[in-house]
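Note that these values count all heavy atoms, side chains included, but never hydrogens, waters or copies made by symmetry. Indexing begins at 1, ligand by ligand and atom by atom, following the structure's order.
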Amino acid sequence: MIFYFSGTGNSKWVAEQIASCQKTKLMPIGDEINTSCSYHLEPGELLGFVFPVYSWGPPQIVLDFIDKVKVDTLDGRPDYLFFACTCGDDVGYTDRVMKSAFERKGWRLDSCFSVQMPNTYVLLPFFDVDSHDLEQSKLRKAVKKVARINTILGARSNSFALLVTSVPWIKTYLIRPLFNLSLKKVDSKYWVTDDCIECGLCAKACPVHNVEMKNGKPAWKCDGSCVGCLGCYHRCPKHAIQNGKITLKRGQYYHKQN
Ligand SMILES: Cc1cc2nc3c(=O)[nH]c(=O)nc-3n(C[C@H](O)[C@H](O)[C@H](O)COP(=O)(O)O)c2cc1C
Ligand code: SF4
Ligand code: SF4
């Protein structure tokens with residue numbers, strides 16, 4: 001069974017490739033977190049979490065879901081546990097944060113993977129989507145990387161190689177908590193330009209159903225459920241969604257298979 005979270009489709013694509021190859025169920029965390037979070041696992045069935053890296057760690061919604069989730073094996077632990085994260089650049093100490101979350105449940109991690117994919121964060125100065133060439137190159141390499149992940153998962157072997165670059169401790173344990181505070185307010189800065197064609201794709205893209213269509217235009221609930229994934233911004237075919245002024249000159253990216 002694979003639980004995934006995805007704002008702009010990269011992690012969803014990875015999760016789908018794994019679920020299809022490993023012949024297992026795929027469940028969206030954005031919906032599942034509002035249920036009892038209790039699941040049946042067959043003996044030997046793998047349990048996996050697939051998500052994007054946000055500020056060198058897992059999104060808070062993924063950690064909240066892991067705290068809640070229960071499986072019905074004899075000892076309450078999965079037989080084989082992995083996570084796969086997607087990132088634009090590097091993952092910091094995402095593995096340490098995830099291992100701590102699993103340890104709190106008495107679960108042991110068997111494998112973890114990172115897949116570099118097109119960048120989606122655009123809300124700070126000097127951050128933007130990748131050039132077309134870099135985007136395509138990352139997508140081509142991701143196909144091969146996911147095939148290798150599937151080989152390891154199929155054999156139920158162990159792998160812990162993640163894409164970590166400079167100063168991971170500072171990124172994950174100093175910058176990330178501050179960054180997470182800013183993520184909570186992302187939806188209060190959204191607005192819509194006159195280019196909106198009332199297609200509703202932004203509302204459909206939101207993994208936590210935080211966008212409602214009112215009189216043909218998107219309206220953000222601003223009730224604390226936004227996770228700052230930027231899915232609504234990137235999905236708009238007219239670049240009609242803006243976040244403050246910073247996105248006026250930023251690019252967009254959305255995984256084409258979503
Ligand atoms: C809020 C936010 C924070 C991000 N932080 C990081 C980061 O710390 N490191 C990184 O390499 N990529 C970062 N990214 C890029 C995403 O991890 C990457 O593009 C990912 O593949 C998006 O996955 P998705 O399409 O499933 O949402 C961030 C993206 C967003 C929206
Ligand atoms: S409203 Fe928030 S959670 Fe929903 S798609 Fe937009 S940024 Fe993501
Ligand atoms: S995706 Fe863009 S064009 Fe479509 S309804 Fe949303 S804001 Fe309007």
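- Heavy atoms from both the backbone and the side chain of Cys202 come within less than 4.0 Å of ligand 3.
- Classified by interplanar angle (parallel below 30°, tilted 30° to 60°, perpendicular above 60°), the ring pair Tyr173/Tyr93 is tilted.
- Here atom 19 (O) of ligand 1 lies nearest to Pro118 when heavy atoms of Pro118, Cys229, Gly228, Pro52 are compared.
- The aromatic rings of His255 and Tyr253 lie perpendicular to each other, with more than 60° between the two planes, well past the 30° mark.
- Taking the ring centroids of Phe49 and Phe102, they lie under the 6.0 Å cut-off.
- A salt bridge links Asp90 with Lys171; the closest basic N to acidic carboxylate O contact falls under 4.0 Å.
- Ranking the protein heavy atoms by distance from atom 12 (N) of ligand 1 puts Gly88 N, 3.1 Å first.
- If you check the side chains of Asp128 and Tyr121, you find no donor sitting under 3.5 Å from an acceptor.
- Residues Ser11 and Thr86 bring a donor and an acceptor atom of their side chains to less than 3.5 Å of each other.
- Under a 4.0 angstrom heavy-atom cut-off, Glu198 registers as being in contact with ligand 3.
- If you number the atoms of ligand 1 from 1 as listed, the ones under 4.0 Å from a heavy atom of Asn119 come out as 15 (C), 19 (O).
- Close N/O approach between Leu183 and ligand 1 is not found [any backbone or side-chain N/O within under 3.5 Å].
- If you number the atoms of ligand 1 from 1 as listed, the ones under 4.0 Å from a heavy atom of Ser55 come out as 3 (C), 4 (C), 5 (N), 6 (C), 7 (C), 8 (O).
- No more than 12 heavy atoms of other residues, nucleotides or ligands lie within 6.0 Å of NZ in Lys25, so this atom counts as exposed by the packing criterion.
- The distance from ligand 1 to the heavy atoms of Trp56 drops below 4.0 Å at these ligand atoms: 7 (C), 8 (O), 9 (N).
- Within the listing of ligand 3, atoms 1 (S) sit less than 4.0 angstrom from a heavy atom of Pro237.
- There is no side-chain donor-acceptor pair under 3.5 Å between Thr120 and Tyr254.
- The distance between the ring centers of Tyr39 and Phe3 falls below 6.0 angstrom.
- Residues Asn158 and Ser111 bring no donor and acceptor atom of their side chains to less than 3.5 Å of each other.
- Atom 5 (S) of ligand 3 has Gly200 N, 3.2 Å as its closest protein atom, hydrogens excluded (heavy atom only).
- One side chain, Asn150 or Gln22, offers a donor N or O that lies under 3.5 Å from an acceptor on the other.
- Excluding waters, the set of protein N, O or S atoms lying under 2.8 Å from atom 2 (Fe) of ligand 2 comprises Cys226 SG.
- When non-hydrogen atoms are compared, ligand 3 lies under 4.0 Å from the side chain of Met213 (C-beta onward) but not from its backbone.
- Judged by distance alone, with hydrogens and angles left aside, the side-chain atoms of Thr172 form a donor-acceptor pair with the main-chain N or O of Trp56 at under 3.5 Å.
- For Lys189 and Asp187, the salt-bridge test fails: no basic side-chain N is under 4.0 Å from an acidic carboxylate O.
- Salt-bridge check for Lys138 with Asp130: passed, with a basic side-chain N closer than 4.0 Å to an acidic carboxylate O.
- Distance from atom 27 (O) of ligand 1 to its nearest protein heavy atom, with residue and atom name: Gly7 N, 2.8 Å.
- Counting protein heavy atoms only, atom 2 (Fe) of ligand 3 is closest to Cys236 SG, 2.3 Å.
- Taking any N or O of Phe5, backbone or side chain, none lies under 3.5 Å from an N or O belonging to ligand 1.
- Across Asn10, Val122, Val14, Thr120, heavy-atom proximity to atom 16 (C) of ligand 1 is greatest for Thr120.
- Of all protein heavy atoms, the one lying nearest to atom 7 (S) of ligand 3 is Ile241 CG1, 3.6 Å.
- For atom 25 (O) of ligand 1, the closest non-hydrogen atom of the protein is Thr8 OG1, 2.5 Å.
- The closest side-chain donor-acceptor pair between Asp133 and Ser131, if any, does not fall under 3.5 angstrom.
- Atoms of ligand 1 found under 4.0 Å from any heavy atom of Ser11, numbered from 1 in the order shown, are 23 (O), 24 (P), 26 (O).
- Within the structure, the closest approach of Ala203 to ligand 3 does not fall below 4.0 Å when heavy atoms are considered.
- Nearest protein heavy-atom neighbour of atom 3 (S) of ligand 3: Ile197 N, 3.3 Å.
- Ring planes of Tyr54 and Phe5: perpendicular class, angle over 60° (limits at 30 and 60°).
- Within a 6.0 Å sphere centred on NZ of Lys221, heavy atoms belonging to other residues, nucleotides or ligands number more than 12.
- Nearest protein heavy-atom neighbour of atom 8 (Fe) of ligand 3: Cys196 SG, 2.3 Å.
- Taking atom 4 (Fe) of ligand 3 as the reference point, the nearest protein heavy-atom neighbour is Cys199 SG, 2.2 Å.
- The closest heavy-atom contact to atom 9 (N) of ligand 1, among the options Thr86, Asp90, Asp89, Val115, comes from Asp90.
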Checking salt bridge (charged side-chain N to carboxylate O under 4.0 Å, His left out) for the pair Lys70/Asp72: CA distance, chi angles, key distance, verdict? CA-CA 7 Å; Lys70 289 189 196 74; Asp72 67 352; over 6 Å; no
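- Given atom 4 (C) of ligand 1, the protein heavy atom at minimum distance is Val53 O, 3.3 Å.
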